[in-house]
Amino acid sequence: MTAAPERTAVAPRIGVLALQGDVREHIEALDALGIGGAEVRTLAQLDEVDGLIMPGGESTTIARLLLIFGMHEPLRDRIAAGMPVWGTCAGAILLAERAPDLDRPTLGLMDVLAERNAYGRQVDSFEVDLDIAGLDGGPVRAVFIRAPRLAEPGPGVEVLARLEDGSIAACRQGRVLATAFHPELTTDGRLHAYFLAMTEEALAAARASR
Amino acid sequence: MTTNGNMADGSGERGETATWRVKAGLAQMLKGGVIMDVVTVEHARIAEEAGAVAVMALERVPSDIRAAGGVARMSHVALVEEICNSVTIPVMAKARIGHFVEAQILEAIGVDYIDESEVLTPADEAHHINKHPFRVPFVCGCRDLGEALRRIAEGAAMIRTKGEAGTGNIVEAVRHMRAVHDGIRRIGAMRDDELATYAKELGAPLELVREVKEQGRLPVVNFSAGGVATPADAALMMQLGADGVFVGSGIFKSEEPAKMAAAIVRAVTHYADPAVLAEVSRGIGEPMRGRSAASLPAEEQLAVRGN
């Protein structure tokens, strides 16, 4: 458990986009933080959450399902209007403004290039210790599975971690967080706590402006 | 994870490759998705366009393997390579049960997952491939919990229930999925001191039986295979607890493969929503012609291969 800030109102509700991918792993990670997570498959469920995780999976599949089920635009609008979002691997691809080898539009909410399968086929998938800016307690074990290479960050993008070859492993632009790897495949909940804090801040800001 | 396949661990230029987490992890990313059998590049593109999470590259779909008879082997290397180069989603390919050299070849080509499959003619009647030393992950079939855990002990990083491939008949898939979950529930209800005897009954390592009790599920992802022919079949398997679905003959032996493929993908996402299932079941043409699994002569039953 991370030290949660004083919660005067209800805890933030965090959803996991559940069209396809490793949804359960994210929900279990949120459970471990004591806040629980909700599957988001429909627009009605999207309305119920304060922050959204877009999980790992196949970006081609998820991109299609977002369009087919009419969620692409409403989701983009929700995020553009300030809902915190975190994409892991496929989720990161879908958040990127540029993903030239994806044959469907992304949500285009982070000024970064996502190059799919840039590290090779499955036998080249890897895990490595990675220091993340803003995360105390030493490196995380970062698991890259047929991962995208994130590159060419725009001026508004804060790079939080890079691999040795210089490619971006984690970055943030305002309330949009992207990791090319899968924190949900480990029991290290620090990045989930980081995203929870992002969502709490957004909620507090919304309350203050009311 | 106690089922550590660390023998295959290697150091890549960027980090550690072929760890258990990386092998089992790819299957975790495929969850909630549909893996489709394809026999040509054209099929593979149709599958990808329909939203498949992966394709299984093979020369004949199971119903044609049945019709052709003879010995069914690993597909031609050139075909698998062509398919690997034609899509951006993961590509799987089948090796015969126990044929570790076919597996070595598929690994050398660079397939993303190997299916050690009863759909091909077994190469070894007593032994499965020792899958731990491979860098590429494996998926294996099972009919019940014991078989699933034996395969995991041998290094399978993903499991699928066998069903009866190429029949378009869901009955065996249902039987096998229920059997796996029945085993898991039994373990959940047992005292710790009863696990060793049950492990013996299952023919599975005690360590894995303990892990199932702790987690309340298999230690790896479990898809359904063998018999899915409609969106309703796919949703049935999901409601019975499958993490995702393999569709073999069911797509390219149907009247309108592209529509059937897209409909099954949607059905797997909204497997518990009958309104969506009704919607996607419209206008998709005739499913493949099915056959009764029970009427198959013993030598044509595939699920009994490998135990």
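A note on names: the letters A, B, ... follow the listed sequences, proteins ahead of strands, and every chain is numbered from 1.
Here the side chains of A:His182 and B:Arg21 are not in contact, with every heavy-atom distance at 4.5 Å or above. Considering only heavy atoms from C-beta on, B:Met29 comes within 4.5 Å of A:Leu185 through its side chain.
Among B:Gly15, B:Pro90, B:Gly51, the residue with the largest count of heavy-atom pairs under 4.5 Å with chain A is B:Pro90. Contacts with chain B were tallied for A:Arg146, A:Arg104, A:Glu58; A:Arg146 has the most, counting heavy-atom pairs under 4.5 Å. Heavy-atom pairs under 4.5 Å with chain A were tallied for B:Val265, B:Val221, B:Thr88, B:Asp112; the largest tally goes to B:Asp112. Of all the listed residues (A:Asp165, A:Ile68, A:Val143), the one sharing the greatest number of non-hydrogen pairs under 4.5 Å with chain B is A:Ile68. Top candidate by heavy-atom pairs under 4.5 Å with chain B, chosen from A:Gly56, A:Ala142, A:Gly57, A:Ser59, is A:Gly57.
Heavy atoms closer than 4.5 Å to chain A are found in the backbone of B:Ala52, but not in its side chain. For A:Glu39, no part lies under 4.5 angstrom from a heavy atom of chain B. The contact between A:Leu65 and chain B is made entirely by side chain atoms (from C-beta outward), counting heavy-atom distances below 4.5 Å. Heavy-atom distances place no part of B:Val34 under 4.5 Å from chain A, backbone and side chain included. No part of B:Asp273 comes within reach of chain A, as not one of its non-hydrogen atoms sits under 4.5 angstrom from that chain.
Scanning residues 100-110 of chain B against chain A with a 4.5 Å heavy-atom cutoff picks out B:Gly110, ordered by number. Annotation: residues 110-135 of chain A contacts chain B through A:Arg116, A:Asn117, A:Tyr119, A:Arg121, A:Gln122, A:Val123, A:Asp124, A:Ser125, A:Phe126, A:Glu127, A:Val128 [non-hydrogen atoms, separation under 4.5 Å].
Within the model, atoms CG of A:Asp22 and CG of B:Asp243 stand 11.5 Å from one another, a figure rounded to the nearest 0.5 Å. Atom CD1 in B:Ile89 sits 5.5 Å away from atom OG1 in A:Thr60 (nearest 0.5 Å). Between atom CD of residue B:Gln28 and atom CZ of residue A:Arg24 there is a gap of 7.0 Å, rounded to the nearest 0.5 Å.
The 12-atom threshold is exceeded at CZ of A:Arg98, counting heavy atoms of other residues, nucleotides or ligands nearer than 6.0 Å. In B:Lys259, the NZ atom is not crowded: 12 or fewer heavy atoms of neighbouring residues, nucleotides or ligands sit closer than 6.0 Å. Summarising the local packing, CD of A:Glu28 is surrounded by more than 12 heavy atoms from other residues, nucleotides or ligands at distances under 6.0 Å.
Nearest approach of A:Arg41 to B:His270, heavy atoms of both residues: O-CE1, 3.4 Å.
For B:Lys31 and A:Glu184, the salt-bridge test fails: no basic side-chain N is under 4.0 Å from an acidic carboxylate O.
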